[in-house]
Amino acid sequence: LSSRTSAAEKEMGGAEQREKQYRAHQGFGDHHGGVTGAHTYFYTDEAKCDQHMETFLCCIDASSGSTEDGFSAIKLTALARPQFLVQFSEVLVKWRRFFLQLAAEQGQAGRAVLEIKLEVDKLQEALANLGILTKAESQEWFMSTSLGTGSTVDLLDWNSLFDSRTKISKPLLIPNRQTAQLEPLLSRFSEEEDLQMKRMLQRMDVLAKRAMEKGVRLMVDAEQSYFQPAISRLTVETQRCFNKNQAIIFNTYQCYLKEAYDNVTVDVELSRREGWHFGTKLVRGAYMEQERERAAQMGYEDPINPTYEKTNEMYHRCLDYVLEEIKHRRKASVMVASHNEDTVKFTMRRMMELGIHPSEKKVCFGQLLGMCDQITFPLGQAGFPVYKYVPYGPVNEVLPYLSRRAQENRGFMQRANRERDLLWKEVKRRLLTGNLFS
Ligand SMILES: Cc1cc2nc3c(=O)[nH]c(=O)nc-3n(C[C@H](O)[C@H](O)[C@H](O)COP(=O)(O)OP(=O)(O)OC[C@H]3O[C@@H](n4cnc5c(N)ncnc54)[C@H](O)[C@@H]3O)c2cc1C
């Protein structure tokens with residue numbers, strides 16, 4: 001737990017002011033709790049993070065040596081102090097919520113996030129009324145960015161304002177949702193924490209450069225929702241640098257999240273505007289039980305879709321959006337990382353309808369090693385690029401992971417057996433009643 005509570009925060013007693021979802025919680029200090037579908041890392045010290053980076057480098061080398069067009073996957077919680085990811089996530093979420101609050105004040109509540117356009121005049125007036133910046137200060141700030149001449153601001157412009165916050169001479173304040181008081185958007189990082197953040201960015205940079213050199217695509221796994229805004233943002237930053245000519249860095253979107261479609265569409269739009277290649281792995285999400293339990297215990301809204309069907313809908317909606325992007329721009333690539341047969345069939349059907357040929361390799365499939373070979377092999381034989389996620393590591397860590405996979409497989413076989421038994425029962429019933437074809 002202590003690795004998730006910053007020194008600066010302890011000093012300032014700041015945890016109380018933090019949004020509930022982004023607070024450290026005693027019961028979830030071990031963020032492995034309740035997670036069966038993914039490996040999780042524990043922060044010990046910076047040397048351990050360096051060691052993880054070396055392992056990831058070996059994995060990139062191994063992938064490049066064994067296959068063309070290979071992938072390597074990394075987890076950012078292995079490369080950084082998780083507390084930094086939690087804190088940065090909180091900042092990003094607050095900044096987006098402030099945008100939505102201002103949109104509501106301009107009568108634009110409920111619009112799709114990319115359709116919200118704040119009028120600059122009204123926005124500057126609101127900032128002045130809230131006591132955040134005078135009109136002259138915000139005009140100067142906006143002029144220092146590409147927004148200088150525009151009359152409206154959308155979410156991507158808003159995010160670029162965040163990036164150029166150092167151009168204003170005072171710390172950025174925003175209203176606290178509970179107290180309505182102004183508070184600094186960025187909590188103070190200690191010098192050591194600042195260094196930890198820099199080292200994490202350096203590690204990502206080293207990995208991305210090696211991946212590029214070796215022609216291996218690097219996938220950044222998605223993790224718990226209280227880390228994910230930061231993980232995703234840092235991945236997008238890496239994509240901006242490395243995906244100029246092709247998709248080398250792949251970001252992961254979890255479609256069990258209520259906000260998945262917004263996240264995908266906003267990042268695709270950013271890639272369009274800036275001209276880089278959008279690379280993504282789409283998954284349903286591995287941390288559902290833990291997420292639900294944490295939300296219930298800490299009293300914030302469950303970030304996960306209410307039902308399995310809603311998650312399926314969300315997956316297909318996000319996937320469809322990316323497939324359309326491939327059709328129209330050819331500057332996107334997607335890994336359909338799923339064991340779900342309907343999703344695989346849906347992808348193949350939409351590819352055919354949109355004229356995306358498997359040999360273009362813009363769409364590939366991914367399954368975990370030892371799972372769903374009955375889907376993987378026919379896909380490969382039919383000419384679709386298909387990958388197996390290979391877990392590796394010390395035996396004592398990998399064996400429990402594999403045994404969980406085996407249990408999942410057993411569940412899958414039980415379902416298949418049950419279905420077969422039911423079919424036999426029905427055939428017998430029809431034979432006995434003489435209604436075989438009714
Ligand atoms: C190659 C590969 C890479 C992966 N990488 C990641 C990763 O980076 N991050 C990550 O989080 N996961 C990752 N996963 C795991 C993935 O998110 C799923 O947990 C797993 O694949 C099962 O989902 P499915 O689509 O295969 O099949 P299904 O069995 O059809 O879907 C099960 C999933 O549906 C969702 N679900 C189930 N019940 C409900 C409910 N009641 N309400 C709402 N949603 C529900 C959950 O996400 C559950 O895992 C990866 C999986 C693969 C194959």
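Ligands are counted one by one from 1 in listed order, and the atoms in each one are counted from 1 as well.
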Between CG on residue L282 and SG on residue C318, distance to nearest 0.5 Å: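 SG of C318 is found 6.5 Å from CG of L282.
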In Å, rounded to the nearest 0.5 Å, how long is the span from CG of D320 to OH of Y261?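 Taking CG in D320 and OH in Y261, the distance rounds to 8.5 Å.
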Please tell me whether [X] and [Y] have a donor and an acceptor in their side chains that are separated by less than 3.5 angstrom.
X    : Y    : result
N159 : R96  : no
Y253 : D267 : yes
T343 : H316 : yes
Q290 : Q224 : yes

Min N/O separation [X] to ligand 1 under 3.5 Å:
X    : value
A222 : yes
Q367 : no
T311 : yes
V283 : no
Y389 : no
Q254 : yes
L368 : no

What residues, two or more places apart in sequence or in another chain, satisfy salt bridge (Lys or Arg N to Asp or Glu O under 4.0 Å) together with R199?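 Result, salt bridge (Lys or Arg N to Asp or Glu O under 4.0 Å) vs R199: E46, E192.
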State which residues pass salt bridge (Lys or Arg N to Asp or Glu O under 4.0 Å) with D61; sequence neighbours excluded, sorted by chain then number.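 Salt bridge (Lys or Arg N to Asp or Glu O under 4.0 Å) check on D61 returns R210, K214.
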Structural part of [X] in contact with ligand 1, heavy atom criterion under 4.0 angstrom:
X    : result
Y287 : side chain
D221 : both
Y308 : both
M288 : side chain

Hey, which atoms in ligand 1 end up nearer than 4.0 Å to a heavy atom of [X]?
X    : value
N305 : 42 (N), 43 (C)
T307 : 40 (C), 42 (N), 43 (C), 44 (N)
G366 : 1 (C), 53 (C)
T252 : 8 (O)
S338 : 24 (P), 25 (O), 26 (O)

Sub-4.0 Å heavy-atom contact, R292 with ligand 1: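 So R292 counts as touching ligand 1.
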Within-shell test, E223 vs ligand 1, heavy atom, strictly < 4.0 Å: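 The answer is no: ligand 1 sits nowhere under 4.0 Å from a heavy atom of E223.
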Y256/Y287 aromatic ring centres below 6.0 Å: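 Judged by ring-centre distance (under 6.0 Å), Y256 and Y287 do not meet the cut-off.
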Identify whether NZ of Lys or CZ of Arg in R294 sits under 6.0 Å from the centre of the six-membered ring of Y226 and within 45° of that ring's axis.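 Cation-pi check for R294 and Y226: passes.
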Please report the shortest heavy-atom distance between F384 and P358, naming the atom on each side.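 Heavy atoms only, the tightest pair is CE2-CG, 3.5 Å.
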Under 3.5 Å donor-acceptor, T280 side chain and N251 backbone: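 Checking the backbone N and O of N251 against the side chain of T280, a donor-acceptor pair under 3.5 Å is found.
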For atom 6 (C) of ligand 1, the option (of K281, Q228, M219) bearing the nearest heavy atom: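 Nearest option to atom 6 (C) of ligand 1, by heavy atoms: K281.
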